[in-house]
Colleague: 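Mind looking over this structure? Questions follow.
Lettering follows sequence order; numbering is per chain, from 1.
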Amino acid sequence: MPELPEVETVRRGLEALVVGKTIESVTVTLGRIIRKPDDIEEFKLLLQGLTIEEVKRRGKYLLFSVGPYTLVSHLRMEGRYGLYNAEDEVEKHTHVIFHFTDGTELRYKDVRQFGTMDVLPRDDHSSLPGLYDLGPEPLEESFTVDALRHQVRKRRSGKIKALLLDQTFVAGLGNIYVDEVLFVSGIHPEANVTQLTDEQVVKLQRAIVDVLTHSVNLGGSSIKSYVNGYGSEGQMQHELRVYGHEGEPCPVCGTEIAKTRVAGRGTHFCPTCQPELG
DNA sequence: CGTGTCACCTGACAGC
DNA sequence: TGCTGTCAGGTGACAC
């Protein structure tokens, strides 16, 4: 489900709702969500009695700082968090519950069961591939045109869309925002990275920063990024230019938005504003 | 190295 | 009312 803006929205909500709370116990009803440690009982035991001190984010990962550990949570397609009271009815697809000493509980729901949780030594992420492998964080100041050009020129081949989806290339972009970023940049999703001009790299860097920043400010796209029991919704879905708009006129030139498959993912673009290169 | 395909799951939806 | 196939905001394993 969520890409960087949605995960950041969830992070902010969690920060407000659970920082300072102490975990009394943990319930796990779907073992496959928990990856490290191997033993679910150990996972529960490690967290028991600890207080959540911080909620951070790296790429699409949520990082809870708890005592000597970091609880790493990835929502994958449909993971959601909600804060409830202990007496509230437990909804379908609830797989993990953190019971707090104040009578509230943080519940993790995940219809498709793809999400993961790992307990690692605090701020030592070296044991989790996918986390330590992450590319630059696009909303940090270090993500400059030079930084992106460096990433781009390292690659000897590959379609730009596949590259932007690669979390080791840039962290946090997913299928929605890659399509949006390429539209804003005027770059065809199948353009080969080696074809990109310096000017296009500049546009790409600016589009990544602008689109993500705008979306974070709107609380992310659509949806299901519930953090409280009531489901505060983002507003970015109303501002998507191409994603989900196949068959409709391009907001810039009026050409019909096309939908194809690139890098195995549904891909939306304007054939006029994003011409094929070479 | 790169790419495509499948797998992991459930649910929504289109078409018959 | 079914059934079947397809698709979904992600990622990792695998074969080529």
Colleague: On a whole-Å scale, what distance lies between the P atoms belonging to dT6(C) and dT5(B)?
Modeller: 14 Å
Colleague: Taking only side-chain nitrogens and oxygens of Gln167(A), does any of them come within less than 4.0 Å of OP1 or OP2 of dT11(C)?
Modeller: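 True: Gln167(A) side-chain N/O within range (under 4.0 Å) of dT11(C) OP1/OP2.
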Colleague: If you compare all heavy atoms of Ser157(A) against all heavy atoms of Asn192(A), which two are closest, and at what distance to 0.1 Å?
Modeller: CA-OD1, 3.8 Å
Colleague: Rounded to the nearest 0.5 Å, how far does CG of Leu164(A) lie from CG of Leu204(A)?
Modeller: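 One gets 5.5 Å once the value is rounded to the nearest 0.5 Å.
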Colleague: Nearest 0.5 Å please: distance from the CG atom of Leu240(A) over to the NE2 atom of His238(A).
Modeller: 9.5 Å
Colleague: Under 4.0 angstrom, heavy atoms only, what part of the nucleic acid is Lys92(A) near: base, sugar-phosphate, or nothing?
Modeller: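 Sugar-phosphate contact only - Lys92(A) comes under 4.0 Å of backbone atoms but never of a base.
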Colleague: With a 6.0 Å cut-off on the ring centroids, do Tyr243(A) and His268(A) count as close?
Modeller: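 Ring centres of His268(A) and Tyr243(A) closer than 6.0 Å.
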Colleague: Let me spell it out: for each of Lys60(A) and Thr267(A), pick the nucleotide of DNA chain C with the closest heavy atom. Which residue's pick is nearer the 5' end?
Modeller: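 Here Thr267(A) is the residue nearer the 5' end.
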Colleague: Please verify the inter-ring angle class for Tyr81(A) with Phe64(A); under 30° counts as parallel, over 60° as perpendicular, anything in between as tilted.
Modeller: perpendicular
Colleague: Between Arg265(A) and dG9(C), is there a side-chain N or O to OP1/OP2 distance below 4.0 Å?
Modeller: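 For dG9(C), OP1 or OP2 has a side-chain N or O of Arg265(A) closer than 4.0 Å.
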Colleague: Between Glu239(A) (CD) and dG9(C) (C1'), how many Å, whole number?
Modeller: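 Between C1' of dG9(C) and CD of Glu239(A): 18 Å.
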Colleague: Please report the distance, rounded to the nearest Å, between CG in Asp179(A) and P in dA8(C).
Modeller: 10 Å
Colleague: Rounded to whole Å, how long is the line connecting atom CZ of Arg80(A) with atom P of dG10(C)?
Modeller: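 It works out to 15 Å between those atoms.
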Colleague: Remember a base hit wins even if backbone is also touched, and classify Tyr177(A) as base, sugar-phosphate or nothing at under 4.0 Å, heavy atoms.
Modeller: nothing
Colleague: Using a cut-off of less than 4.0 Å, is there contact between a side-chain N or O of Arg261(A) and OP1 or OP2 of dA8(C)?
Modeller: yes
Colleague: Atom CG of Leu75(A) and atom P of dT11(C): how far apart are they, to the nearest Å?
Modeller: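 Answer to the nearest Å: 10 Å.
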Colleague: Nearest whole angstrom, please: distance from the P of dG9(C) to the CG of Leu165(A).
Modeller: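 Roughly 10 Å, once rounded to whole Å.
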Colleague: Just to verify, which of Asp39(A), Leu47(A), Leu45(A), Leu46(A) counts as forming a side-chain contact (heavy atoms from CB on, under 4.5 Å) with Phe43(A)?
Modeller: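 The option that passes is Leu47(A).
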Colleague: Using the P atom as the reference point in each nucleotide, state the distance between dC6(B) and dG5(C) in Å, no decimals.
Modeller: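 Their P atoms lie roughly 15 Å apart.
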Colleague: Polar atom pairs between nucleotides 13-15 of chain C and protein, under 3.5 Å, N or O only, would you list them?
Modeller:
none

Colleague: Assess the side chains of Thr144(A) and Asp146(A): does a donor N or O sit below 3.5 Å from an acceptor N or O?
Modeller: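 Note: Thr144(A) and Asp146(A) side chains miss the donor-acceptor criterion.
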Colleague: Counting heavy atoms not belonging to Lys203(A), are there more than 12 under 6.0 Å from its NZ?
Modeller: no
Colleague: Judged by each residue's nearest nucleotide on DNA chain C, which is more toward the 5′ side, His74(A) or Gly264(A)?
Modeller: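 That would be Gly264(A).
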Colleague: For DNA chain B, produce a single dot-bracket line, 5' to 3'. Pairs: Watson-Crick or G-U wobble, both distances under 3.5 Å. Symbols: ( ) within strand, [ ] crossing, | other strand, . unpaired.
Modeller: .|||||||.|||||||
Colleague: Arg112(A) has an atom CZ; how far is it from atom P of dG10(C), in whole Å?
Modeller: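 Rounded to the whole Å, the gap is 10 Å.
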Colleague: Looking at Ser215(A) and Tyr177(A), what are the two nearest heavy atoms and their distance?
Modeller: OG-OH, 2.7 Å
Colleague: Expressed as a whole number of angstroms, how long is the span from Glu8(A):CD to dG9(C):C1'?
Modeller: 17 Å
Colleague: For Ala147(A) and Ser142(A), which heavy atoms make the closest approach, and how far apart are they?
Modeller: CB-O, 3.5 Å
Colleague: Classify Gly174(A) by what it touches in the nucleic acid, base, sugar-phosphate, or nothing, heavy-atom distance under 4.0 Å.
Modeller: sugar-phosphate
Colleague: Should we say atom CZ of Arg155(A) is surrounded by more than 12 heavy atoms from elsewhere, each under 6.0 Å from it?
Modeller: yes
Colleague: Distance between the P atoms of dG11(B) and dT11(C), in whole angstroms?
Modeller: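 Comparing P positions in dG11(B) and dT11(C) gives a spacing of 22 Å.
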Colleague: When the distance from CZ of Phe169(A) to P of dT11(C) is rounded to whole Å, what number comes out?
Modeller: 16 Å
Colleague: More than 12 non-hydrogen atoms from neighbouring residues, nucleotides or ligands closer than 6.0 Å to CD on Glu87(A), yes or no?
Modeller: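 Enclosed.
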Colleague: Go through the steps for Glu180(A) and Arg241(A) under the test salt bridge (charged side-chain N to carboxylate O under 4.0 Å, His left out), then give the verdict.
Modeller: CA-CA 6 Å; Glu180(A) 293 298 309; Arg241(A) 319 280 286 279; 5.8 Å; no
Colleague: Check every nucleotide of DNA chain B for an atom under 4.0 Å from a heavy-atom of chain A, then give the first and the last such nucleotide from 5' to 3'.
Modeller: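 Both ends considered, the range comes out as dG2(B) to dG11(B).
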